[in-house]
Amino acid sequence: MNSSDNRSRETVGARSRGPGALLTRWVGDLALGVRLALGGGRTSWARLALTAVGVGLGVAVLLAATSLPHMLQVRNERGNARAIPSHGSVEAQQQSVAGVDPVDIELRNDEYQGRGLQGYVVQLNGPNPPHAPGVDRLPGPGEVVLSPALAELLNSPGGDLLRPRFSQRVIGTIADEGLTGPNELFFYVGLPSLAGQTEVGRIHNFGWQEAPRELRGIEWLLIALGAATFLIPVVVFVATSTRLAASARDRRLAALRLVGADGKQVRRIAAGEAFVGAIAGLFVGVAMFLVARQVVPALSFSALRGGIFAADIRPEWTLIALILVLVPLLSVGVATLSLRRTIIEPLGVVRRGRQGRRKLWWRLIPVVVGVGLLLWKSKSFERTVDNSSQAAVVAGIILLLISVPVILPWVVERVVVLLRGGSPSWQLAIRRLQLDSGTSARVVGGVAVVLTGAIALQTLFIPARSEATPRSSANTEFWAGMPATSLTEVDVFRSALGGLVGLGKAKFAVNGQVQDAKGQRVNLELGSCEELRAMVKLDRCAEGDAFYVPLPGATRPSPDSHTFVPVAGQQVWFSGSYGQDLAKLPKWTVPATLRSVDPVKDSGSAVGSLLVTKGAIAKVTNPALYAHASIAPKTPDPRFVEYARNALAPLGWKANVYSNNQDGNDIFLLISRVLNIGSIITLLLAAASLMVVALEQIRERRRALAVLMANGVQRKVLAVSLLWQNTIPIVLGVVIALATGVGLAVLLLGISGRTVALDWPMIAAYCGTGALAVLAVTMLTLPSLWRAASVEGLRGE
Amino acid sequence: MSIGLTLLGLLETGPRHGYDLKRAYDERFGHDRPLHYGQVYSTLSRLLRDGLVEVEGVEAGGGPDRKRYAITGAGVTDVHEWLATPEKPEPYLQNTLYTKVVLALLSGRAAAEVLDVQRSAHLRLMRELTRRKSGGDLADQLICDHALFHLEADLRWLELTTARLNQLAKEIRS
Amino acid sequence: MNAGALITDESVALLEAIDLRKSFGPTPALDGAGLRMHAGEVVAVMGPSGSGKSTLLHCLAGILQPDSGQVLYRGAELSAMSDGVRSELRRTEFGFVFQFGQLVPELTSLENVALPLRLGGMRRKEAESRATEWLERLEVADVAAKRPGETSGGQGQRVAVARALVTGPKVVFADEPTGALDSLNGERVMQLLVAAAKDTNAAVVLVTHEPRVAAYSDREVVVRDGKSREVELAR
């Protein structure tokens, strides 16, 4: 360096010295970037709009995600506020509250056409019942309080089959504070008496909290993987949206470099530009979120379980602040990073240096580190959640998912170089890809991440599902059961179901339990001689007879066991829901005719039981019995189960009917529902972002396309070329997603100590959906391609 | 164009008989107007008189075409000066310039130099015209532009020739 | 930049290139090119396409770094300066007029002309009033509020000239400034450019392959196969 240069450097530096001047420069540069983003008429507005929509989609999803904890919490709180202690738990003995007349109450888990239908049946015991949340007054006998959704359902044609069950007078609707969601079907039904119901509790106030069950390891993994699958594409899309129209931007900034903007200035200007896009994106995102918030309560997927109140969707403020800071930072960061080439080459317009080939080594870092982390923590989630490994596992998942969009551009670049020749459309496509494969690779990168996550989730689901309660859904068989306190009630139950038209194969059974003075019990089965013969070998049987099926010799009960061997003439009591006070229990004397009999083969259930005919217990007042029926309808009509429920309704909310397709209240199901919703949203987001990027790509190449059209290239050739251009990267994307997804699942299953089974049809379906999304988006962009390729495209700058 | 300087240029590549000189001249430059023998010998005698060529030897048998002519030092100087001096920029220079380029190539001189020098001369005139145009009225401008466009056409031809020098050199030497 | 910091001695050339060599890949674009010019001089750089004219100009302007050789601006070597200093040079001491593409499409003509001033930290009002003067001088004040896409080629090129001259540069680099224009517009742009440069005593490096454009220069340098050559004619 010579001396004159030293001098020039000093004088140059002198002008921008001083913090005030520096700040002015900075503000000026940023403002210029803003001006560039906003100025420029339709072109830059279109670009800004696309960026804003792309970023906005991401922001909306992030806002929704941050709303989740609050939403779940308030739902849970409202659910707990109206809950009652589960029957039989020690804590169920509530303290009496002065001035409150306790109510007898039972929770009913019903259903209507596969929709959950919950509520309480209550028996008032005085003028001052406890206050139920959202309910003005608890219903007395013949009265009912309904949730708005249930009331609406009952008034709609779709409620025909439900109406017979709610013939009571409606005295009010449940306010929002008493519901978990706007579409929840919930009720309070007043009954004169709950005597004889099995699960009745006496409460002084509502509100109960079950101890939450601990998550199983695999459940935690599902949640972690699901959240990552759900959120990483969002980040990818925000980043992609920021890089829209990168080549136009590079030209613009190169022009600025020429006029004398130095590297740092150009960076600041680009940052200003990206900042505008990010801010616009934030506004669009917030707007989308607010709109979605108003729309969500109208959604009534069964997966949403009663729907979501708009008021419950309230993003966490700290997280909002984080989004508000991180999204612009991400945009600005990506914009600045992607500028490396322009910075090096101020003469971007005039002479483009040969683009360096993409390098692989740093792209492999996330894969290697991710796999390493997951292998390291292998088996740590075998049973429950291993808290010390959580961070490492989440990091591993995220790194592996991120590696997909990171590696994809390299793979696309290397593969398209190998492609040759073919039809004109194919040639146009591959040459275009060879020139710039980055844009296309970025376009499909987001979809590939979703795909990777979906495949991994799917593979993780298989063992998780088999661990959860299996359910068969093709079956229309159902079960009915009802506590009964008299033989008449048993008959009513039978005849109510027996009267159903089209009753197919029905099996009835009535049982109960008797105890001796010491509290030892024995099972009791009630039936006609005919029915008893199906269980035991009877040489003779008459009304009034009773039999005992002794346990095999070795297992004969010892004196201190829970069961006893009844003998003829013994004094016993029906045990049921009346407590332990012998004085209150129905008393019965075992008939003198009691005989021991042997069970028929394959009827183990009768062993150790008392078998009685009706006559034997006819004299008992209020025996505690339970009547069952299992019914397989002749025709697989899903409405049949509703008929059965209606038939049992007049028996006063005692009977329960369970069908196969009733949703359980399992954590696993909850997780799977949330993940399903998440992947639907993410896929929609992926498709929307894909669309945005594809449109931008066409817009940017408008002139070239118009020239082709003007030269007589047929539309078909252009369309097919565009299709190839997206198909080649998506095929590669699918391959990578498949490999990474399966690999990730294998690693995660390794962590949870389970074996791997792949559901190939499902994986194929996912890959197909991803590919289809790309094709559909290509189709949707065709109109814009025609518009761009019209001769109009030749005009302009 | 000077036949004398051209013949001198041809002699620079080596002594020749008058007859050879005529053939060489016709072959390279006389596509439409071959030289008469008389022209050749009268020119040669003038060059001989001026000391630019000399008779290297006379072969037996007599007759004018038995003499071999060679260029003298003064002759070489003359050729060199001629080649290095641009022609006055005016239309239809191509014959002279072509001859000069070929002679330069034949004598191993830098042919591009000939063209560069000529370009400079052309440009100098064009500058002059451009200056006059800027100061003049519309009539001046139109007249100057006419001249400028013609000069430009010549210059473009010069450029093109420059670009084809290698090709030309190959053809001449073959 | 404070002009006093650089050597102003008349004996030192304003801009001098010595034995520049520059290759793109295996093909040499410059193979020992040089140039020397003084203040107020208009020098045409001529030569066939691909001869290295533009590369020479880019090296002279400090946009490209030559592989070897020196570019001295007022005695200071460009390649030894930092990117920031060279950027500042481009902003304050140099001006650029290219065939096309040098205007920022998002900005109006006025903003484009004011851009170098504002990049240097000048207030908007002042920058735009100066820019307006230059637009008027180049007879394009009527397109001040239009964007480059909305003006004709000739107007756009005059805006570009205005932008190149607005900072009062010492050297204007013009690379085929009339390449995309017809004769009449081209002539006008050249007249305005040269007149303005002469007024401000700015040197002009004029890369062109058009003799009539080169005729606006004071002298010409021919670049061929990456080598430059200057002909000194006896008067």
Side-chain angles (χ1 to χ4, degrees), chain B residues 80-89 91 93 110-138 140-167 169, chain C residues 31-33 40-53 176-179 182-199 204 206-235:
Chain B
H80 186 80
E81 257 172 38
W82 179 54
L83 290 181
T85 311
E87 297 298 305
K88 190 166 176 285
L93 273 175
E113 192 86 350
V114 175
L115 295 167
D116 281 346
V117 168
Q118 191 60 47
R119 182 213 328 266
S120 276
H122 268 69
L123 266 178
R124 182 192 279 176
L125 182 58
M126 286 179 77
R127 282 197 194 98
E128 181 59 42
L129 288 166
T130 305
R131 249 194 303 281
R132 205 186 301 163
K133 187 172 78 170
S134 309
D137 57 14
L138 187 59
D140 277 345
Q141 282 181 24
L142 290 173
I143 289 162
C144 289
D145 273 335
H146 182 266
L148 278 168
F149 275 110
H150 277 281
L151 286 168
E152 186 181 21
D154 278 353
L155 254 178
R156 284 185 187 279
W157 177 82
L158 278 174
E159 293 283 359
L160 199 65
T161 309
T162 314
R164 288 177 172 170
L165 272 180
N166 285 339
Q167 208 182 332
Chain C
D31 188 15
E41 253 192 323
V42 181
V43 177
V45 178
M46 302 185 72
S49 303
S51 59
K53 303 189 292 279
E176 302 284 7
T178 61
D182 62 26
S183 303
L184 198 58
N185 268 303
E187 297 271 340
R188 193 68 196 134
V189 165
M190 281 315 299
Q191 281 170 4
L192 291 167
L193 171 62
V194 170
K198 292 282 174 196
D199 280 0
V204 179
L206 175 63
V207 166
T208 183
H209 68 279
E210 282 186 86
R212 271 180 311 111
V213 172
Y216 283 90
S217 64
D218 299 322
R219 62 190 171 91
E220 79 279 359
V221 172
V222 178
V223 181
R224 196 174 295 128
D225 299 330
K227 298 177 177 66
S228 62
R229 189 186 134 65
E230 203 164 345
V231 179
E232 300 279 351
L233 282 186
R235 281 272 153 192

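Just so you know, these numbers use all the heavy atoms, side chains as well, and skip hydrogens, waters and symmetry mates. It should be emphasised that the depicted structure is a prediction, and the values quoted were computed from it without experimental measurement. To find a chain, count down the sequence lines: A is the first, B the second, and so on, and within it residues start at 1.
Only the side chain of C/S183 comes within contact range of chain B, judged by heavy atoms closer than 4.5 Å. Residue contact with chain B, scored on non-hydrogen atoms closer than 4.5 Å, is absent for C/M190. Within the 4.5 angstrom heavy-atom criterion, no atom of B/A84 approaches chain C. With a threshold of 4.5 angstrom between heavy atoms, B/T162 approaches chain C through side-chain atoms but not through N, CA, C or O. Contacts between C/E230 and chain B at a heavy-atom distance below 4.5 Å are absent for every atom of the residue. When heavy atoms are compared at a cutoff of 4.5 Å, B/T130 approaches chain C solely by way of its side chain, counted from C-beta outward.
Here B/D116 is the residue among B/L129, B/D116, B/L151 with the most heavy-atom pairs under 4.5 Å with chain C. Among C/Q191, C/R212, C/M46, the residue making the largest number of heavy-atom pairs under 4.5 Å with chain B is C/R212. Taking B/R156, B/H122, B/E113, B/R131 one by one and counting their heavy-atom pairs under 4.5 Å with chain C, the maximum is reached by B/E113.
Residues B/R127 and C/S217 approach most closely at NE-O, 2.5 Å, considering heavy atoms. The shortest non-hydrogen separation linking B/A112 to C/R224 is CB-NH1, 3.7 Å.
Under the side chain to side chain donor-acceptor pair (under 3.5 Å) criterion, C/E41 pairs with C/R219, not counting sequence neighbours.
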Salt bridge (Lys or Arg N to Asp or Glu O under 4.0 Å) evaluation trace for C/E220 with B/R119: CA-CA 10 Å; C/E220 79 279 359; B/R119 182 213 328 266; 5.3 Å; no
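Counting heavy atoms from C-beta outward, B/M126 and C/P211 have side chains that approach closer than 4.5 Å. Counting only heavy atoms from C-beta outward, the side chains of C/H209 and B/E159 never approach each other to under 4.5 Å.
Environment of CG in C/D225: sparse, with no more than 12 heavy atoms of neighbouring residues, nucleotides or ligands closer than 6.0 Å.
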